[in-house]
Amino acid sequence: MTIQDRTLQNFNILHFQTDLLTWYSHNKRDLPWRSNQDPYTVWVSEIMLQQTKVDTVIPFYYRFLEKFPTVYALASAEEQEVLKAWEGLGYYSRARNLQHAVREVVEQYDGKVPDDPKELEGLKGIGSYTKGAILSIAYNKPEPAVDGNVMRVFSRLLNLEDDIAQPKTKKLFESIIREVISHEDPSSFNQAIMDLGATICTPKSPACMLCPVQEHCAAFELGVQEHLPIKSKAKKNKVMPYVALLLTNEQGEIAIEQRPEDGLLANLWQFPMVPVQDMDLELVEAWFLANYGMKIRLGNKQGNLKHVFSHLTWKIEIFEAECVQNSADRPEVRFVSKEELSTYPFPVSHQKMMQYL
DNA sequence: AATGCGGGGGC
DNA sequence: GCCCCAGCATT
């Protein structure tokens with residue numbers, strides 16, 4: 001007898017499926033990516049929805065598919081165009097991995113999104129969740145798609161106290177879902193759990209009195225639903241102080257630079273940033289000369305900006321500056337007009353600086 | 001298993 | 001402030 005069999009021994013699978021799917025058929029959310037089963041558009045939606053709320057995704061989803069309606073359109077686009085369409089959505093490696101994977105689909109799979117688990121998981125940006133979502137939603141295969149919703153809902157249904165921050169816990173839930181998923185309608189089953197988690201079985205103050213599967217819920221029976229799921233704390237982030245420069249040349253053009261192709265905000269553009277200790281402004285001009293080969297004159301302070309990422313915080317002082325002498329020739333640094341700025345993908349933090357121009 | 005990777009919204 | 005959100009890649 002396996003662990004999940006013991007876990008499920010008092011769980012009425014068929015009754016649960018019926019209650020869940022009946023509720024879903026009458027209460028499912030009307031979402032743009034539910035209008036068809038096109039594997040490409042399902043794929044795009046699932047990538048955008050990673051760690052991102054439905055309401056945030058919707059306008060990006062429409063704009064993205066208007067610009068890149070097919071795998072061929074996305075495969076043949078410039079990466080900068082794709083990043084521009086992703087601008088503001090965050091986790092930008094999702095966009096670059098998606099395009100990389102779509103190009104592989106065009107070249108290796110004749111433009112058809114694979115319906116094979118191994119082939120799907122081999123594509124950049126597709127992990128266990130997204131693989132299961134595409135297989136179940138686009139191809140009606142009974143594969144688990146375990147995300148935060150699924151772990152929360154089933155932690156409560158089965159009163160499981162496993163730490164959902166740990167990778168092995170996700171595997172446990174995948175084996176559980178394989179036991180309980182509907183083989184008649186796996187697409188609706190997976191999406192029903194997500195809708196339930198988003199609207200009823202919410203992280204705080206779950207609406208148990210409205211829940212269609214309340215009678216199946218061990219946590220509700222014990223009154224412990226508010227204490228589940230168990231999740232260990234993330235470590236707190238670190239503050240990084242910077243001076244950002246609104247740096248202009250004699251033509252009134254403004255300096256921007258492209259970030260490295262790896263790491264935070266990879267390949268996006270920004271105004272030059274100087275790391276500072278204790279906001280020691282004396283060193284900014286010298287640091288810039290040493291690192292950019294550009295003589296600048298620091299001007300007036302324009303404002304402050306605090307930007308919080310999931311793992312660090314930028315604390316930025318914004319200064320005007322003039323380029324006095326430019327003996328550098330770095331391709332990632334450009335002087336552009338204000339009008340041209342809108343053609344480059346910028347992180348939100350640097351979009352906020354544009355008000356000072 | 002642990003860490004890096006965005007940005008927004010709820011409380 | 002902290003937590004969460006239709007997670008994945010890398011180490």
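Only this structure's heavy atoms are used, side chains among them; waters, hydrogens and symmetry mates stay out. Each chain gets a letter, A, B and so on, in the order its sequence line appears, and its residues count up from 1.
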Taking [atom1] from [X] and [atom2] from [N], how many angstroms apart are they, rounded to a whole number?
| X | N | atom1 | atom2 | value |
| --- | --- | --- | --- | --- |
| A:Leu89 | B:dC5 | CG | P | 17 Å |
| A:Lys235 | B:dA2 | NZ | P | 12 Å |
| A:Phe309 | B:dG6 | CZ | P | 7 Å |
| A:Asp55 | B:dG8 | CG | C1' | 11 Å |
| A:Leu312 | B:dG4 | CG | C1' | 9 Å |
| A:Asp262 | B:dC5 | CG | P | 10 Å |

[N] to [M] separation - [atom1] atoms, rounded to the nearest Å:
| N | M | atom1 | answer |
| --- | --- | --- | --- |
| C:dC3 | B:dG6 | C1' | 16 Å |
| C:dA6 | B:dG4 | P | 24 Å |
| B:dG8 | C:dC8 | P | 22 Å |

>> Using a 3.5 Å limit on both distances, find every run of at least three consecutive Watson-Crick or G-U pairs that involves DNA chain B.
In response: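 Stem segments, range with range: B:1-5 with C:7-11, B:7-11 with C:1-5.
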> In B/S/- notation, 5' to 3', how is nucleotides 1-11 of chain C contacted by protein heavy atoms closer than 4.0 Å?
Replying inline: --SBBBBSS--
> With the threshold set at 4.0 Å, does a side-chain nitrogen-carboxylate oxygen contact exist between A:Asp195 and A:Arg29?
Replying inline: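 A salt bridge is present here (some side-chain N lies under 4.0 Å from a carboxylate O).
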> Salt-bridged, A:Glu79 to A:Arg96, with N to O below 4.0 Å?
Replying inline: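 Judged by the 4.0 Å cut-off on N to carboxylate O distance, A:Glu79 and A:Arg96 do form a salt bridge.
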> Which word best sums up how the rings of A:Phe288 and A:Tyr292 line up, parallel for under 30°, tilted for 30 to 60°, or perpendicular for over 60°?
Replying inline: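 The rings of A:Phe288 and A:Tyr292 lie parallel, inter-plane angle below 30°.
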>> Could you check whether any side-chain heavy atom of A:Leu312 comes within less than 4.5 Å of a side-chain heavy atom of A:Val239, counting everything from C-beta outward?
In response: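 They are not in contact (no side-chain heavy atoms under 4.5 Å apart), so the answer is no.
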> Please walk me through it: do A:Asp163 and A:Ser232 pass side chain to side chain donor-acceptor pair (under 3.5 Å)?
Replying inline: CA-CA 6 Å; A:Asp163 180 2; A:Ser232 55; 2.8 Å; yes
> Would A:Ser337 and A:Glu340 satisfy side chain to side chain donor-acceptor pair (under 3.5 Å), going step by step from the backbone distance to the final call?
Replying inline: CA-CA 5 Å; A:Ser337 68; A:Glu340 286 176 273; 3.2 Å; yes
> To the nearest 0.5 Å, how far apart are CZ in A:Phe271 and CE in A:Met354?
Replying inline: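 Reported to 0.5 Å precision, the distance equals 4.5 Å.
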>> Taking the cut-offs as 6.0 angstrom to the six-membered ring centre and 45 degrees off its axis, would you call A:Arg63 and A:Phe60 a cation-pi pair?
In response: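 Output yes; distance and angle both within limits.
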>> Does B:dG6 have OP1 or OP2 under 4.0 Å away from a side-chain N or O of A:His307?
In response: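 Checking B:dG6 against A:His307, no side-chain N or O comes under 4.0 Å of OP1 or OP2.
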> Starting at the 5' end of DNA chain B and moving along, which residue's nearest nucleotide shows up first, A:Gly88 or A:Pro167?
Replying inline: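 Nearest nucleotide further toward 5': that of A:Pro167.
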>> Closer than 3.5 angstrom, by distance alone: can the side chain of A:Ser342 be matched with the main-chain N or O of A:Glu339 as a donor-acceptor pair?
In response: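 Yes.
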